[in-house]
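One structure is given here, and the rest of the page talks about it.
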Amino acid sequence: MSSPFHNLQELRHSASLANKVFIQRDYTDGTVCKFQTKFPSELDSRIERTLFEDTVKTLNNYYAEAEKIGGQSYLEGCLACLTVYLIFLCIETRYEKVLKKISRYIQEQNEKVYAPRGLLITDPIERGMRVIEISVYEDRGSSGSSSGSSTTSSSGR
Amino acid sequence: MSAVMITRKVTRKWEKLPGKNTFCCDGRVMMARQKGVFYLTLFLIVGTCSLFFAFECPYLAVHLSPAIPVFAVLLFVFVVAMLLRTSFSDPGVLPRALPEEANFIEMEIEAANGNVMAGQRPPPRIKNVQINNQIVKLKYCYTCKIFRPPRASHCSICDNCVDRFDHHCPWVGNCVGKRNYRYFYLFTLSLSLLTIYIFAFNIVHVVLRSVDSGFMNTLKETPGTVLEVLVCFFTLWSVVGLTGFHTYLISLNQTTNEDIKGSWSGKNRVQNPYSHKNFIKNCCEVLCGPTYPSVLDRRGVMLEDSTRPTPSDASAASTYKSTNPVSQTTKSSAPLIPNEHTPEEAKPSIGAGTQKSTSSPKEEKPPSPTSPNAVAPAVIKESAH
(Lines give C-alpha, C1' and ligand atoms only; values in the text may rest on other atoms or scores of the structure.)
Protein backbone atom coordinates (compact mmCIF):
# COMPACT_ATOMS: atom_id res chain seq x y z
CA MET A 1 0.00 0.00 0.00
CA SER A 2 1.27 3.45 -0.70
CA SER A 3 2.30 5.34 2.32
CA PRO A 4 2.15 9.09 2.74
CA PHE A 5 5.18 9.13 5.05
CA HIS A 6 8.33 10.67 3.77
CA ASN A 7 10.59 10.83 6.77
CA LEU A 8 10.96 9.95 10.41
CA GLN A 9 9.63 13.27 11.65
CA GLU A 10 6.38 12.89 9.78
CA LEU A 11 6.12 9.35 11.02
CA ARG A 12 6.36 10.37 14.62
CA HIS A 13 3.93 13.21 14.41
CA SER A 14 1.17 11.91 12.23
CA ALA A 15 1.24 8.17 12.60
CA SER A 16 -0.07 5.85 15.22
CA LEU A 17 1.50 2.59 16.22
CA ALA A 18 -0.49 -0.29 14.85
CA ASN A 19 1.57 -3.35 15.49
CA LYS A 20 5.00 -4.62 16.39
CA VAL A 21 6.77 -7.47 14.70
CA PHE A 22 9.61 -9.27 16.43
CA ILE A 23 12.37 -10.98 14.48
CA GLN A 24 13.74 -13.74 16.65
CA ARG A 25 17.25 -15.02 17.04
CA ASP A 26 18.63 -17.79 14.88
CA TYR A 27 20.53 -20.26 17.05
CA THR A 28 21.52 -22.79 14.41
CA ASP A 29 25.14 -21.66 14.53
CA GLY A 30 25.37 -21.69 18.30
CA THR A 31 25.25 -18.78 20.65
CA VAL A 32 26.59 -16.17 18.21
CA CYS A 33 24.27 -13.24 17.68
CA LYS A 34 22.33 -13.89 14.49
CA PHE A 35 18.76 -13.11 13.52
CA GLN A 36 16.34 -15.12 11.41
CA THR A 37 16.02 -13.88 7.87
CA LYS A 38 12.59 -15.42 7.45
CA PHE A 39 10.24 -12.76 6.15
CA PRO A 40 7.35 -12.17 8.55
CA SER A 41 3.90 -12.23 7.00
CA GLU A 42 2.81 -9.03 8.75
CA LEU A 43 5.25 -7.07 6.64
CA ASP A 44 4.09 -8.65 3.40
CA SER A 45 2.26 -5.60 2.18
CA ARG A 46 4.62 -3.06 3.66
CA ILE A 47 8.10 -3.78 2.37
CA GLU A 48 9.84 -5.81 -0.30
CA ARG A 49 11.24 -9.10 0.87
CA THR A 50 14.71 -8.43 -0.54
CA LEU A 51 15.10 -5.13 1.27
CA PHE A 52 14.17 -6.73 4.56
CA GLU A 53 16.47 -9.69 4.04
CA ASP A 54 19.33 -7.38 3.09
CA THR A 55 18.92 -5.43 6.31
CA VAL A 56 18.90 -8.53 8.49
CA LYS A 57 21.82 -10.11 6.65
CA THR A 58 23.90 -6.95 7.00
CA LEU A 59 23.13 -6.83 10.71
CA ASN A 60 24.11 -10.49 11.03
CA ASN A 61 27.39 -9.74 9.31
CA TYR A 62 28.11 -6.89 11.66
CA TYR A 63 27.48 -9.08 14.69
CA ALA A 64 29.63 -11.84 13.25
CA GLU A 65 32.42 -9.33 12.80
CA ALA A 66 32.08 -8.18 16.40
CA GLU A 67 32.11 -11.70 17.81
CA LYS A 68 34.83 -13.10 15.58
CA ILE A 69 37.44 -15.03 17.51
CA GLY A 70 40.75 -14.47 15.82
CA GLY A 71 43.99 -12.57 15.96
CA GLN A 72 42.52 -9.26 16.93
CA SER A 73 40.37 -10.59 19.74
CA TYR A 74 43.31 -12.55 21.19
CA LEU A 75 45.48 -9.45 21.08
CA GLU A 76 42.81 -7.38 22.74
CA GLY A 77 42.25 -10.04 25.39
CA CYS A 78 45.91 -10.54 26.24
CA LEU A 79 46.72 -6.83 26.28
CA ALA A 80 43.74 -6.16 28.49
CA CYS A 81 44.74 -8.96 30.87
CA LEU A 82 48.27 -7.60 31.17
CA THR A 83 46.97 -4.18 32.09
CA VAL A 84 44.54 -5.76 34.59
CA TYR A 85 41.70 -4.66 32.29
CA LEU A 86 42.33 -1.03 33.13
CA ILE A 87 42.94 -0.36 29.48
CA PHE A 88 39.20 -0.54 28.89
CA LEU A 89 38.85 2.71 30.77
CA CYS A 90 40.74 4.41 27.97
CA ILE A 91 39.96 2.56 24.76
CA GLU A 92 36.82 1.12 23.30
CA THR A 93 36.52 -2.60 22.76
CA ARG A 94 36.06 -3.91 19.24
CA TYR A 95 32.53 -4.99 20.07
CA GLU A 96 31.60 -1.48 21.18
CA LYS A 97 33.00 -0.04 17.96
CA VAL A 98 30.91 -2.43 15.89
CA LEU A 99 27.82 -1.65 17.97
CA LYS A 100 28.23 2.00 17.06
CA LYS A 101 28.46 1.05 13.42
CA ILE A 102 25.30 -1.00 13.78
CA SER A 103 23.48 1.87 15.41
CA ARG A 104 24.44 4.19 12.56
CA TYR A 105 23.40 1.61 9.99
CA ILE A 106 20.00 1.11 11.60
CA GLN A 107 19.41 4.83 11.71
CA GLU A 108 20.35 5.13 8.08
CA GLN A 109 18.08 2.24 7.11
CA ASN A 110 15.21 3.76 9.09
CA GLU A 111 15.60 7.07 7.33
CA LYS A 112 16.03 5.75 3.83
CA VAL A 113 14.06 2.54 3.62
CA TYR A 114 11.75 1.92 6.55
CA ALA A 115 10.27 5.26 7.54
CA PRO A 116 8.99 5.99 4.02
CA ARG A 117 7.09 2.73 4.32
CA GLY A 118 5.72 3.47 7.75
CA LEU A 119 8.05 1.11 9.60
CA LEU A 120 10.69 1.64 12.25
CA ILE A 121 13.46 -0.69 13.39
CA THR A 122 14.61 -0.73 17.00
CA ASP A 123 18.27 -1.48 17.65
CA PRO A 124 18.43 -5.04 19.08
CA ILE A 125 20.71 -3.88 21.89
CA GLU A 126 17.78 -2.04 23.39
CA ARG A 127 15.90 -5.32 23.59
CA GLY A 128 18.73 -7.32 25.12
CA MET A 129 19.94 -8.55 21.68
CA ARG A 130 17.03 -10.95 21.70
CA VAL A 131 14.85 -9.56 18.93
CA ILE A 132 14.77 -7.00 16.18
CA GLU A 133 11.61 -5.06 16.91
CA ILE A 134 9.91 -3.55 13.89
CA SER A 135 7.16 -1.08 14.69
CA VAL A 136 4.42 -0.82 12.10
CA TYR A 137 2.74 2.54 11.85
CA GLU A 138 -0.57 3.46 10.33
CA ASP A 139 -1.54 6.83 9.03
CA ARG A 140 -3.68 8.50 11.67
CA GLY A 141 -6.23 9.39 9.04
CA SER A 142 -6.92 5.85 7.90
CA SER A 143 -9.55 4.06 9.92
CA GLY A 144 -8.86 0.68 11.39
CA SER A 145 -5.53 -1.01 11.35
CA SER A 146 -5.30 -3.40 8.52
CA SER A 147 -1.92 -4.75 9.40
CA GLY A 148 -2.94 -5.29 13.00
CA SER A 149 -5.58 -7.77 12.10
CA SER A 150 -3.29 -10.55 11.16
CA THR A 151 -2.31 -12.48 14.20
CA THR A 152 -0.71 -15.44 12.58
CA SER A 153 2.60 -16.39 14.05
CA SER A 154 5.16 -15.10 11.69
CA SER A 155 8.68 -16.12 12.54
CA GLY A 156 9.15 -19.80 12.54
CA ARG A 157 11.20 -21.70 15.08
CA MET B 1 8.75 19.36 20.44
CA SER B 2 8.09 21.14 23.69
CA ALA B 3 10.90 21.31 26.18
CA VAL B 4 10.71 18.87 29.03
CA MET B 5 10.94 20.38 32.44
CA ILE B 6 12.76 18.05 34.75
CA THR B 7 11.82 19.20 38.18
CA ARG B 8 13.51 16.42 40.07
CA LYS B 9 16.79 14.65 39.79
CA VAL B 10 17.54 12.50 36.79
CA THR B 11 16.32 8.92 37.07
CA ARG B 12 18.64 6.36 35.64
CA LYS B 13 17.50 3.08 34.25
CA TRP B 14 19.19 1.00 36.94
CA GLU B 15 16.73 2.35 39.49
CA LYS B 16 13.86 0.73 37.65
CA LEU B 17 15.46 -2.56 36.81
CA PRO B 18 13.59 -5.60 38.09
CA GLY B 19 15.54 -8.32 39.81
CA LYS B 20 17.22 -8.56 43.16
CA ASN B 21 20.47 -6.78 42.48
CA THR B 22 22.06 -3.94 44.39
CA PHE B 23 23.58 -1.07 42.48
CA CYS B 24 26.27 1.31 43.67
CA CYS B 25 28.04 4.36 42.32
CA ASP B 26 24.95 5.47 40.44
CA GLY B 27 24.62 2.26 38.48
CA ARG B 28 28.27 1.61 37.72
CA VAL B 29 28.51 -1.28 40.17
CA MET B 30 26.14 -4.24 40.10
CA MET B 31 26.07 -6.97 42.72
CA ALA B 32 23.76 -9.46 44.35
CA ARG B 33 21.87 -8.56 47.48
CA GLN B 34 23.78 -10.69 49.97
CA LYS B 35 27.29 -9.32 50.14
CA GLY B 36 28.41 -10.65 53.52
CA VAL B 37 30.50 -13.48 52.14
CA PHE B 38 32.10 -11.15 49.60
CA TYR B 39 33.29 -8.87 52.41
CA LEU B 40 34.69 -11.96 54.12
CA THR B 41 36.60 -12.90 50.97
CA LEU B 42 38.00 -9.41 50.67
CA PHE B 43 38.92 -9.35 54.36
CA LEU B 44 40.70 -12.70 54.18
CA ILE B 45 42.73 -11.74 51.13
CA VAL B 46 43.66 -8.26 52.29
CA GLY B 47 44.23 -9.40 55.86
CA THR B 48 46.47 -12.31 55.00
CA CYS B 49 48.51 -10.28 52.53
CA SER B 50 48.90 -7.46 55.05
CA LEU B 51 50.28 -9.91 57.58
CA PHE B 52 52.62 -11.26 54.92
CA PHE B 53 53.89 -7.81 54.04
CA ALA B 54 54.26 -6.87 57.69
CA PHE B 55 55.98 -9.95 59.07
CA GLU B 56 57.61 -11.98 56.32
CA CYS B 57 58.54 -9.53 53.64
CA PRO B 58 61.06 -7.39 55.53
CA TYR B 59 63.02 -10.49 56.51
CA LEU B 60 62.82 -12.18 53.12
CA ALA B 61 63.67 -9.01 51.21
CA VAL B 62 66.86 -8.66 53.18
CA HIS B 63 67.89 -12.29 53.49
CA LEU B 64 66.74 -13.65 50.15
CA SER B 65 65.71 -11.16 47.52
CA PRO B 66 63.72 -7.92 47.23
CA ALA B 67 61.93 -9.40 44.26
CA ILE B 68 59.86 -11.54 46.61
CA PRO B 69 57.72 -8.76 48.07
CA VAL B 70 57.56 -7.01 44.69
CA PHE B 71 56.12 -10.07 43.01
CA ALA B 72 53.75 -10.55 45.95
CA VAL B 73 52.47 -7.01 45.53
CA LEU B 74 51.85 -7.52 41.81
CA LEU B 75 50.05 -10.77 42.44
CA PHE B 76 47.98 -9.23 45.23
CA VAL B 77 46.94 -6.30 43.01
CA PHE B 78 45.96 -8.70 40.24
CA VAL B 79 43.89 -10.86 42.59
CA VAL B 80 42.00 -7.93 44.06
CA ALA B 81 41.44 -6.39 40.63
CA MET B 82 40.00 -9.64 39.27
CA LEU B 83 37.82 -10.09 42.34
CA LEU B 84 36.40 -6.60 42.05
CA ARG B 85 35.91 -6.96 38.33
CA THR B 86 34.00 -10.22 38.81
CA SER B 87 31.91 -8.87 41.64
CA PHE B 88 31.04 -5.49 40.25
CA SER B 89 30.29 -6.25 36.63
CA ASP B 90 27.10 -7.30 34.93
CA PRO B 91 27.40 -11.09 34.46
CA GLY B 92 25.34 -11.02 31.27
CA VAL B 93 21.86 -10.36 32.56
CA LEU B 94 19.12 -10.62 29.96
CA PRO B 95 16.54 -7.89 30.36
CA ARG B 96 12.95 -8.99 30.75
CA ALA B 97 10.61 -8.81 27.82
CA LEU B 98 8.56 -5.68 27.45
CA PRO B 99 4.78 -6.25 27.31
CA GLU B 100 4.54 -6.24 23.51
CA GLU B 101 7.27 -8.79 23.11
CA ALA B 102 5.79 -10.95 25.88
CA ASN B 103 2.39 -10.83 24.21
CA PHE B 104 3.88 -11.66 20.83
CA ILE B 105 5.53 -14.75 22.30
CA GLU B 106 2.31 -15.74 24.05
CA MET B 107 0.44 -15.52 20.77
CA GLU B 108 3.03 -17.74 19.11
CA ILE B 109 2.81 -20.29 21.88
CA GLU B 110 -0.96 -20.36 21.74
CA ALA B 111 -0.90 -20.76 18.00
CA ALA B 112 1.54 -23.61 18.30
CA ASN B 113 -0.37 -25.39 21.05
CA GLY B 114 -3.73 -25.21 19.33
CA ASN B 115 -6.78 -25.84 21.46
CA VAL B 116 -6.18 -27.03 24.97
CA MET B 117 -9.15 -28.78 26.52
CA ALA B 118 -10.46 -27.10 29.64
CA GLY B 119 -9.03 -28.67 32.74
CA GLN B 120 -6.07 -30.09 30.89
CA ARG B 121 -2.58 -28.88 31.66
CA PRO B 122 -1.12 -26.99 28.71
CA PRO B 123 2.05 -28.53 27.30
CA PRO B 124 5.38 -27.30 28.67
CA ARG B 125 6.75 -24.31 26.85
CA ILE B 126 9.78 -25.60 25.06
CA LYS B 127 11.33 -24.68 21.73
CA ASN B 128 13.59 -27.08 19.92
CA VAL B 129 16.47 -25.65 17.96
CA GLN B 130 19.17 -27.39 16.06
CA ILE B 131 22.67 -26.27 16.93
CA ASN B 132 25.55 -27.90 15.10
CA ASN B 133 23.34 -30.87 14.27
CA GLN B 134 22.23 -31.42 17.84
CA ILE B 135 18.75 -30.73 19.13
CA VAL B 136 18.82 -28.31 22.05
CA LYS B 137 15.71 -27.42 24.05
CA LEU B 138 15.06 -23.80 24.88
CA LYS B 139 12.93 -23.34 27.96
CA TYR B 140 10.49 -20.53 28.61
CA CYS B 141 11.17 -18.32 31.61
CA TYR B 142 7.92 -17.37 33.34
CA THR B 143 9.57 -14.56 35.26
CA CYS B 144 11.29 -12.86 32.37
CA LYS B 145 8.67 -13.93 29.81
CA ILE B 146 11.21 -15.00 27.23
CA PHE B 147 12.45 -18.19 25.75
CA ARG B 148 15.90 -18.43 27.22
CA PRO B 149 18.75 -18.43 24.71
CA PRO B 150 20.88 -21.58 24.75
CA ARG B 151 23.10 -21.81 27.82
CA ALA B 152 21.18 -19.08 29.63
CA SER B 153 19.60 -19.84 32.98
CA HIS B 154 17.55 -18.02 35.58
CA CYS B 155 19.29 -17.26 38.85
CA SER B 156 16.79 -17.38 41.67
CA ILE B 157 19.05 -15.44 44.02
CA CYS B 158 19.40 -12.47 41.69
CA ASP B 159 16.05 -13.12 39.98
CA ASN B 160 17.51 -12.57 36.52
CA CYS B 161 18.11 -14.65 33.46
CA VAL B 162 21.85 -14.72 32.85
CA ASP B 163 23.47 -15.56 29.55
CA ARG B 164 25.90 -18.51 29.64
CA PHE B 165 25.02 -18.93 33.30
CA ASP B 166 27.79 -20.68 35.20
CA HIS B 167 26.77 -20.42 38.84
CA HIS B 168 25.96 -17.89 41.53
CA CYS B 169 29.06 -17.42 43.64
CA PRO B 170 28.47 -16.05 47.14
CA TRP B 171 32.23 -15.55 47.59
CA VAL B 172 32.24 -12.88 44.92
CA GLY B 173 28.72 -11.73 45.70
CA ASN B 174 27.50 -12.01 42.10
CA CYS B 175 26.45 -14.42 39.40
CA VAL B 176 29.15 -15.77 37.12
CA GLY B 177 28.03 -15.64 33.51
CA LYS B 178 29.15 -14.83 30.01
CA ARG B 179 30.58 -11.41 30.72
CA ASN B 180 32.54 -12.11 33.87
CA TYR B 181 33.49 -15.77 33.64
CA ARG B 182 37.02 -15.09 32.48
CA TYR B 183 37.60 -12.63 35.35
CA PHE B 184 36.27 -15.23 37.77
CA TYR B 185 38.62 -17.84 36.36
CA LEU B 186 41.60 -15.49 36.48
CA PHE B 187 40.63 -14.62 40.05
CA THR B 188 40.66 -18.25 41.18
CA LEU B 189 43.86 -18.93 39.24
CA SER B 190 45.74 -15.94 40.61
CA LEU B 191 44.38 -16.56 44.10
CA SER B 192 45.71 -20.12 43.93
CA LEU B 193 49.10 -18.78 42.93
CA LEU B 194 49.02 -16.17 45.67
CA THR B 195 48.04 -18.73 48.29
CA ILE B 196 50.76 -21.14 47.22
CA TYR B 197 53.26 -18.27 47.11
CA ILE B 198 52.45 -17.01 50.59
CA PHE B 199 52.32 -20.52 52.02
CA ALA B 200 55.68 -21.45 50.49
CA PHE B 201 57.44 -18.32 51.62
CA ASN B 202 55.96 -18.62 55.09
CA ILE B 203 57.60 -22.01 55.38
CA VAL B 204 60.86 -20.69 53.96
CA HIS B 205 60.79 -17.79 56.37
CA VAL B 206 60.10 -19.98 59.39
CA VAL B 207 62.87 -22.37 58.40
CA LEU B 208 65.42 -19.64 57.80
CA ARG B 209 64.60 -17.81 60.99
CA SER B 210 64.54 -20.99 63.07
CA VAL B 211 68.07 -21.74 61.99
CA ASP B 212 69.09 -18.43 63.57
CA SER B 213 66.84 -18.06 66.57
CA GLY B 214 65.02 -21.33 67.10
CA PHE B 215 61.53 -22.39 66.21
CA MET B 216 59.59 -21.10 69.26
CA ASN B 217 61.31 -17.73 69.16
CA THR B 218 60.46 -17.37 65.51
CA LEU B 219 56.81 -17.90 66.20
CA LYS B 220 56.95 -15.35 69.00
CA GLU B 221 58.67 -12.78 66.80
CA THR B 222 56.28 -13.19 63.89
CA PRO B 223 52.89 -14.30 65.27
CA GLY B 224 51.26 -13.48 61.97
CA THR B 225 52.94 -16.46 60.41
CA VAL B 226 50.74 -18.94 62.26
CA LEU B 227 47.59 -17.21 61.15
CA GLU B 228 48.75 -16.99 57.57
CA VAL B 229 49.69 -20.63 57.42
CA LEU B 230 46.29 -21.63 58.76
CA VAL B 231 44.38 -19.48 56.28
CA CYS B 232 46.53 -20.54 53.37
CA PHE B 233 46.31 -24.21 54.24
CA PHE B 234 42.54 -24.25 54.19
CA THR B 235 42.24 -21.89 51.23
CA LEU B 236 44.68 -23.96 49.22
CA TRP B 237 42.54 -27.05 49.02
CA SER B 238 39.36 -25.27 48.05
CA VAL B 239 40.71 -22.65 45.66
CA VAL B 240 43.20 -24.88 43.90
CA GLY B 241 40.51 -27.51 43.55
CA LEU B 242 38.11 -24.95 42.14
CA THR B 243 40.70 -23.70 39.67
CA GLY B 244 41.33 -27.23 38.52
CA PHE B 245 37.62 -27.86 38.10
CA HIS B 246 37.12 -24.73 36.04
CA THR B 247 40.16 -25.50 33.91
CA TYR B 248 38.52 -28.81 33.14
CA LEU B 249 35.22 -27.08 32.30
CA ILE B 250 36.92 -24.54 30.05
CA SER B 251 38.78 -27.22 28.14
CA LEU B 252 35.43 -28.83 27.37
CA ASN B 253 33.60 -25.52 26.89
CA GLN B 254 31.03 -26.39 29.56
CA THR B 255 29.46 -24.38 32.31
CA THR B 256 29.14 -25.45 35.94
CA ASN B 257 25.39 -25.39 35.47
CA GLU B 258 25.56 -27.84 32.56
CA ASP B 259 27.99 -30.04 34.43
CA ILE B 260 25.74 -30.25 37.49
CA LYS B 261 22.64 -30.95 35.44
CA GLY B 262 24.53 -33.48 33.34
CA SER B 263 23.36 -31.86 30.11
CA TRP B 264 26.09 -33.30 27.93
CA SER B 265 27.02 -36.47 29.75
CA GLY B 266 25.53 -39.89 29.48
CA LYS B 267 25.07 -42.11 26.49
CA ASN B 268 21.65 -41.03 25.33
CA ARG B 269 22.25 -37.37 25.88
CA VAL B 270 23.17 -34.80 23.33
CA GLN B 271 26.87 -34.15 22.89
CA ASN B 272 28.02 -30.65 23.75
CA PRO B 273 27.30 -28.67 20.58
CA TYR B 274 29.37 -25.69 21.68
CA SER B 275 32.65 -27.49 22.11
CA HIS B 276 35.20 -27.16 19.33
CA LYS B 277 36.50 -30.60 20.26
CA ASN B 278 39.91 -28.97 20.62
CA PHE B 279 41.29 -28.06 24.02
CA ILE B 280 43.22 -25.02 22.78
CA LYS B 281 40.30 -23.63 20.80
CA ASN B 282 37.94 -24.03 23.72
CA CYS B 283 40.31 -22.23 26.08
CA CYS B 284 40.87 -19.46 23.59
CA GLU B 285 37.18 -18.92 23.05
CA VAL B 286 36.41 -18.66 26.74
CA LEU B 287 39.44 -16.70 27.85
CA CYS B 288 40.35 -14.66 24.79
CA GLY B 289 36.98 -14.23 23.18
CA PRO B 290 35.43 -10.82 22.51
CA THR B 291 34.39 -8.70 25.48
CA TYR B 292 30.63 -8.71 25.33
CA PRO B 293 28.86 -5.46 26.13
CA SER B 294 26.22 -5.18 28.80
CA VAL B 295 22.74 -4.98 27.35
CA LEU B 296 21.28 -3.49 30.50
CA ASP B 297 22.24 0.15 29.97
CA ARG B 298 22.21 0.81 33.67
CA ARG B 299 23.29 4.41 33.45
CA GLY B 300 20.95 5.46 30.69
CA VAL B 301 18.64 8.28 31.63
CA MET B 302 14.96 7.62 31.85
CA LEU B 303 12.75 10.43 30.58
CA GLU B 304 9.54 10.50 32.51
CA ASP B 305 7.15 13.21 31.44
CA SER B 306 3.81 12.29 32.86
CA THR B 307 2.48 15.83 32.37
CA ARG B 308 2.89 15.98 28.61
CA PRO B 309 -0.07 14.67 26.64
CA THR B 310 1.78 13.07 23.76
CA PRO B 311 -0.30 12.12 20.77
CA SER B 312 2.44 10.20 19.08
CA ASP B 313 3.49 6.85 20.31
CA ALA B 314 6.78 5.66 21.58
CA SER B 315 9.37 6.15 18.94
CA ALA B 316 11.93 3.53 18.32
CA ALA B 317 14.66 5.73 19.78
CA SER B 318 15.86 5.27 23.31
CA THR B 319 13.35 7.62 24.95
CA TYR B 320 10.83 5.99 27.21
CA LYS B 321 7.50 7.74 27.55
CA SER B 322 5.45 6.44 30.37
CA THR B 323 2.04 7.68 29.35
CA ASN B 324 1.91 6.42 25.80
CA PRO B 325 -0.73 3.86 25.12
CA VAL B 326 1.37 1.27 23.47
CA SER B 327 -0.92 -1.49 22.43
CA GLN B 328 -3.61 -0.06 20.24
CA THR B 329 -3.73 -3.15 18.20
CA THR B 330 -6.83 -5.06 17.44
CA LYS B 331 -5.21 -8.30 18.37
CA SER B 332 -6.60 -9.70 21.55
CA SER B 333 -4.22 -9.39 24.44
CA ALA B 334 -3.77 -12.97 25.43
CA PRO B 335 -4.28 -13.51 29.14
CA LEU B 336 -0.97 -14.69 30.46
CA ILE B 337 -1.44 -18.34 31.17
CA PRO B 338 -0.79 -19.19 34.84
CA ASN B 339 2.51 -20.90 35.38
CA GLU B 340 2.85 -24.60 35.60
CA HIS B 341 6.03 -25.90 37.03
CA THR B 342 7.41 -28.47 34.69
CA PRO B 343 8.51 -31.53 36.66
CA GLU B 344 12.22 -31.09 36.03
CA GLU B 345 12.25 -27.52 37.27
CA ALA B 346 10.99 -28.60 40.67
CA LYS B 347 14.26 -30.42 41.29
CA PRO B 348 16.15 -28.87 44.18
CA SER B 349 19.30 -27.14 43.13
CA ILE B 350 22.61 -28.39 44.43
CA GLY B 351 25.68 -26.67 45.77
CA ALA B 352 26.81 -23.39 44.37
CA GLY B 353 24.96 -23.72 41.15
CA THR B 354 21.66 -22.58 42.49
CA GLN B 355 19.27 -21.55 39.77
CA LYS B 356 15.55 -21.83 39.33
CA SER B 357 14.13 -21.39 35.91
CA THR B 358 10.41 -20.94 36.46
CA SER B 359 8.75 -18.31 38.54
CA SER B 360 5.97 -18.88 40.97
CA PRO B 361 2.37 -17.96 40.19
CA LYS B 362 2.46 -15.21 42.80
CA GLU B 363 4.24 -13.00 40.29
CA GLU B 364 1.19 -12.73 38.06
CA LYS B 365 0.39 -9.17 37.15
CA PRO B 366 -1.84 -7.83 34.39
CA PRO B 367 0.29 -6.22 31.72
CA SER B 368 -0.14 -2.48 32.06
CA PRO B 369 -0.12 -0.78 28.71
CA THR B 370 0.73 2.62 30.12
CA SER B 371 4.27 1.99 31.09
CA PRO B 372 6.17 0.04 28.52
CA ASN B 373 9.23 -0.35 30.65
CA ALA B 374 7.72 -1.12 34.02
CA VAL B 375 7.49 -4.82 33.49
CA ALA B 376 8.39 -5.72 37.02
CA PRO B 377 5.53 -6.14 39.44
CA ALA B 378 7.18 -3.73 41.83
CA VAL B 379 9.70 -1.06 41.25
CA ILE B 380 12.61 -2.19 43.31
CA LYS B 381 14.30 0.83 44.78
CA GLU B 382 17.96 -0.08 44.89
CA SER B 383 19.57 1.79 47.68
CA ALA B 384 22.99 3.00 46.78
CA HIS B 385 25.28 2.54 49.72
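Side chains are part of it too, since the values below use all heavy atoms of this structure and drop only hydrogens, waters and symmetry mates. Labels below follow one simple rule: chain letters A, B, ... track the order of the sequence lines, proteins then strands, and each chain is numbered from 1. Nothing here was measured: the structure is a model prediction, and the numbers come from that model.
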Atom OG1 in B:Thr291, atom CZ in A:Arg94: separation rounded to 0.5 Å?
-> 8.5 Å
Below 4.5 Å from any heavy atom of chain B, which atoms of A:Ile125 appear? Answer side chain, backbone, both or neither.
-> both
Quick one: closest heavy-atom pair of B:Phe104 and A:Lys20, and the distance?
-> CD1-O, 4.1 Å
Answer with side chain, backbone, both or neither: which region of B:Arg182 has an atom nearer than 4.5 Å to a non-hydrogen atom of chain A?
-> side chain
Should we count CZ of A:Phe88 as having more than 12 external heavy atoms under 6.0 Å?
-> yes
B:Glu285 versus chain A, the contacting section by heavy-atom distance below 4.5 Å | both
Option that, when pairs with chain B are counted at under 4.5 Å, heavy atom only, ranks first among A:Arg130, A:Glu76, A:Lys68, A:Met129 = A:Arg130
Considering only heavy atoms, which portion of A:Ala66 lies under 4.5 Å from any heavy atom of chain B: side chain, backbone, both, or neither?
-> backbone
Most heavy-atom pairs under 4.5 Å with chain A, out of B:Ala81, B:Pro293, B:Ser294, belong to B:Pro293
In this structure, are over 12 heavy atoms from other groups packed under 6.0 Å from A:Lys112 atom NZ?
-> no
Gap separating the OG1 atom of A:Thr31 from the CG atom of B:Asp163, nearest 0.5 angstrom = 7.5 Å
Under 4.5 Å from any heavy atom of chain A - which part of B:Leu186 | side chain
Give the member of B:Gly300, B:Gly289, B:Pro149 that has the highest number of heavy-atom pairs under 4.5 Å with chain A.
-> B:Pro149
Should A:Ile69 and B:Pro290 count as side-chain neighbours, where that means a heavy-atom distance under 4.5 Å?
-> yes
Neighbour count above 12 (heavy atom, 6.0 Å) for A:Glu96 CD | yes
Separation between CD of B:Glu100 and CG of A:Asn19, rounded to the nearest 0.5 Å = 10.0 Å
Would you call A:Glu67 and B:Tyr292 a side-chain contact if the rule is heavy atoms closer than 4.5 Å?
-> yes
Partner chain B: residue of A:Gly77, A:Gly128, A:Pro124, A:Cys81 with the largest heavy-atom pair count (under 4.5 Å) = A:Gly128
When B:Leu138, B:Asp297, B:Ile131 are compared by non-hydrogen pairs under 4.5 Å with chain A, the top option = B:Ile131
Examine whether an atom of A:Leu99 lies under 4.5 Å from a heavy atom of chain B, and if so say whether it belongs to the side chain, the backbone or both; otherwise answer neither.
-> side chain
Given side chains that start at C-beta, do those of B:Met82 and A:Val84 come closer than 4.5 Å, heavy atoms only?
-> yes
Hey, which of A:Tyr74, A:Tyr95, A:Tyr27 has the most heavy atom pairs under 4.5 Å with chain B?
-> A:Tyr27
